[in-house]
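Comments concern the structure below.
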2 protein chains.
Amino acid sequence: MIHVIIIDDHDLFAEGMKSMFKTKDGIEITHHISNGHALPALLEQVKADVLLMDIDMPEIDGIATMELIQKQGIHIPTLMLTMHQSMRQVKGALEKGAQGYILKDASKKELVEAIVKTSKKENYFHPKINDQVFDYFRGKNKNNSGIQGLSEREKEIIRCLAGGQNSKAIASNLFISEHTVKTHRRNIMHKLNVKTSAALIRLAIEKGIIELA
Amino acid sequence: MIHVIIIDDHDLFAEGMKSMFKTKDGIEITHHISNGHALPALLEQVKADVLLMDIDMPEIDGIATMELIQKQGIHIPTLMLTMHQSMRQVKGALEKGAQGYILKDASKKELVEAIVKTSKKENYFHPKINDQVFDYFRGKNKNNSGIQGLSEREKEIIRCLAGGQNSKAIASNLFISEHTVKTHRRNIMHKLNVKTSAALIRLAIEKGIIELA
DNA sequence: TTGTTAATACCCCAAAAGTGGTATTGTTGA
DNA sequence: TCAACAATACCACTTTTGGGGTATTAACAA
């Protein structure tokens with residue numbers, strides 16, 4: 001029997017997981033906590049074979065929670081659970097030594113497989129995220145230099161774009177040549193690896209470059 | 001016994017819900033579908049007392065799904081289920097006549113209460129969102145100019161744009177002519193009174209047409 | 001000192017966006 | 001039944017983007 005502790009702020013989800021596993025699955029959710037802060041204390045009292053860790057939690061997220069227990073010298077195979085396929089999260093989870101990564105739209109069968117593999121310290125990645133992961137690790141440099149690599153001037157131009165200005169308007173606004181604006185735009189799009197200004201604005205908002213009203 | 005259909009793209013969550021309810025709760029999750037598009041067909045075959053509807057779904061969200069079945073003259077008490085407390089979503093759900101609104105971090109007890117109330121066509125709102133809702137309906141009514149005039153198809157095209165697709169890609173994606181996409185784009189920009197796709201995307205995100213990752 | 005980067009500016013050109021029309025079909029609501 | 005609207009599609013046209021270069025200057029760091 002694999003003993004699992006689930007860390008998830010969505011109580012309903014955790015409750016559901018508890019109910020889902022029957023003895024014949026060889027898996028039992030023994031404990032549930034909804035806040036990562038409580039995990040170290042719990043682990044001093046009970047033993048677990050696998051941690052089923054939600055990544056997206058408000059106070060302390062799954063990655064920070066792993067960090068927390070690892071600092072205390074505790075190492076339990078951990079399966080990260082998420083709704084999003086954010087590359088940043090996958091990366092963070094891997095860096096902290098997560099054994100596997102599975103999406104909340106997986107099937108029960110897949111989850112069982114993931115938990116079993118995790119308990120054996122094997123790696124499991126949900127099929128749906130595979131391509132993304134591999135793409136990421138192939139093209140590592142570019143993705144990372146992205147936002148941080150933008151200069152202040154470039155961010156300024158992004159904000160102008162989001163305000164509906166075209167290159168000519170931006171040029172006259174900033175007292176520079178339209179050629180310069182176009183050069184900046186090109187560099188920005190190259191750095192962020194987008195091909196349309198629509199995608200650029202979306203990314204910029206996601207990354208907090210643009211403040212929404 | 002209250003018969004419930006759950007519509008949620010997160011299969012694991014739905015599976016969990018199914019397992020969670022025992023006969024003594026007086027609630028049974030009879031069916032689960034992960035895509036709102038399939039709901040009308042399902043409702044022709046089976047009867048349900050309550051719909052437990054996830055709001056955040058990729059292809060067609062919970063609100064659009066309600067709209068879909070209502071257009072077919074079907075009216076089933078619906079409990080909206082969400083992780084976020086987005087005001088836009090609460091509002092959309094209310095406008096479409098949702099009976100209740102509950103967060104995924106509710107407890108099982110709360111969910112049972114919510115389902116029971118919903119089945120009686122009473123309203124249920126999760127305590128955590130109450131303040132927000134009231135603030136909203138006290139506060140404002142003015143800001144959504146233009147948005148409500150957008151058709152579903154138009155919103156779909158906006159989301160494609162935000163994903164970095166150009167007109168040609170969108171056309172091939174949606175199996176329509178590039179001319180049609182350009183017509184939609186023109187109509188959208190006219191309705192929202194913007195002149196560049198950059199400004200369009202910013203506005204669309206501000207107004208909640210696009211969900212950020 | 002030398003190397004790197006940010007900001008500036010210009011060239012060319014194909015592709016896409018944006019702007020002005022018109023029009024057909026199907027659905028829906030008054 | 002009829003008007004309104006959504007979704008579809010096409011034409012013609014101008015402007016803007018996006019992508020390929022290259023280059024100068026100032027500032028800053030190794």
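Just the heavy atoms: all of them, side chains too, but no hydrogens, waters or symmetry mates, feed the values below. A, B, ... follow the sequence lines: proteins, then strands. Residue 1 opens every chain.
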Rounded to the nearest angstrom, tell me the gap between atom [atom1] in [X] and atom [atom2] in [N].
X	N	atom1	atom2	answer
A:Met189	D:dT17	CE	P	10 Å
A:Lys191	D:dG19	NZ	C1'	17 Å
B:Ile176	D:dA7	CD1	C1'	8 Å
B:Lys195	C:dT19	NZ	P	7 Å
B:Ile188	C:dA17	CD1	P	12 Å
B:Asn187	C:dT19	CG	P	12 Å
B:Arg185	D:dA6	CZ	C1'	19 Å
B:Glu178	D:dC10	CD	P	10 Å

Check every strand shown and say whether [X] touches a base, only sugar-phosphate, or nothing at a heavy-atom separation below 4.0 Å.
X	result
B:Thr180	base
B:Thr183	base
B:Arg186	base

Flag the pair A:Lys109 and A:Glu113 as a salt bridge only when some basic side-chain nitrogen lies within less than 4.0 angstrom of an acidic carboxylate oxygen.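 Salt bridge between A:Lys109 and A:Glu113, a charged N being under 4.0 Å from a carboxylate O: no.
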Does B:Asn193, at its CG atom, have more than 12 non-hydrogen atoms belonging to other residues, nucleotides or ligands within less than 6.0 Å?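 At most 12 heavy atoms, drawn from other residues, nucleotides or ligands, come within 6.0 Å of this atom.
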Could you tell me whether B:His190 atom NE2 has more than 12 heavy atoms of other residues or ligands within 6.0 Å of it?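 Open.
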Check this one for me: any side-chain N or O of [X] less than 4.0 Å away from OP1 or OP2 of [N]?
X	N	answer
B:His179	D:dA9	no
B:His184	D:dT8	yes
B:Arg153	D:dT8	yes
A:Thr196	C:dA16	no
A:Ser151	C:dT5	no

Going through the checks in order, is the side-chain contact (heavy atoms from CB on, under 4.5 Å) test met by B:Asp11 and B:His32? CA-CA 8 Å; B:Asp11 290 357; B:His32 160 228; 3.4 Å; yes
Return the 5'-most residue of the pair A:Ser197, B:Glu154 with respect to DNA chain D, ranking by each residue's nearest nucleotide.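 Residue closer to the 5' terminus by nearest nucleotide: B:Glu154.
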Determine whether any donor atom in the side chain of B:Lys182 lies under 3.5 Å from an acceptor atom in the base of C:dG18, or the reverse, and answer yes or no.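 It does, because a donor-acceptor pair links the side chain of B:Lys182 to the base of C:dG18 below 3.5 Å.
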Can B:Asn173 and B:Gln165 be counted as having a side-chain donor-acceptor contact under 3.5 angstrom?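 Yes, B:Gln165 and B:Asn173 have a side-chain donor paired with an acceptor closer than 3.5 Å.
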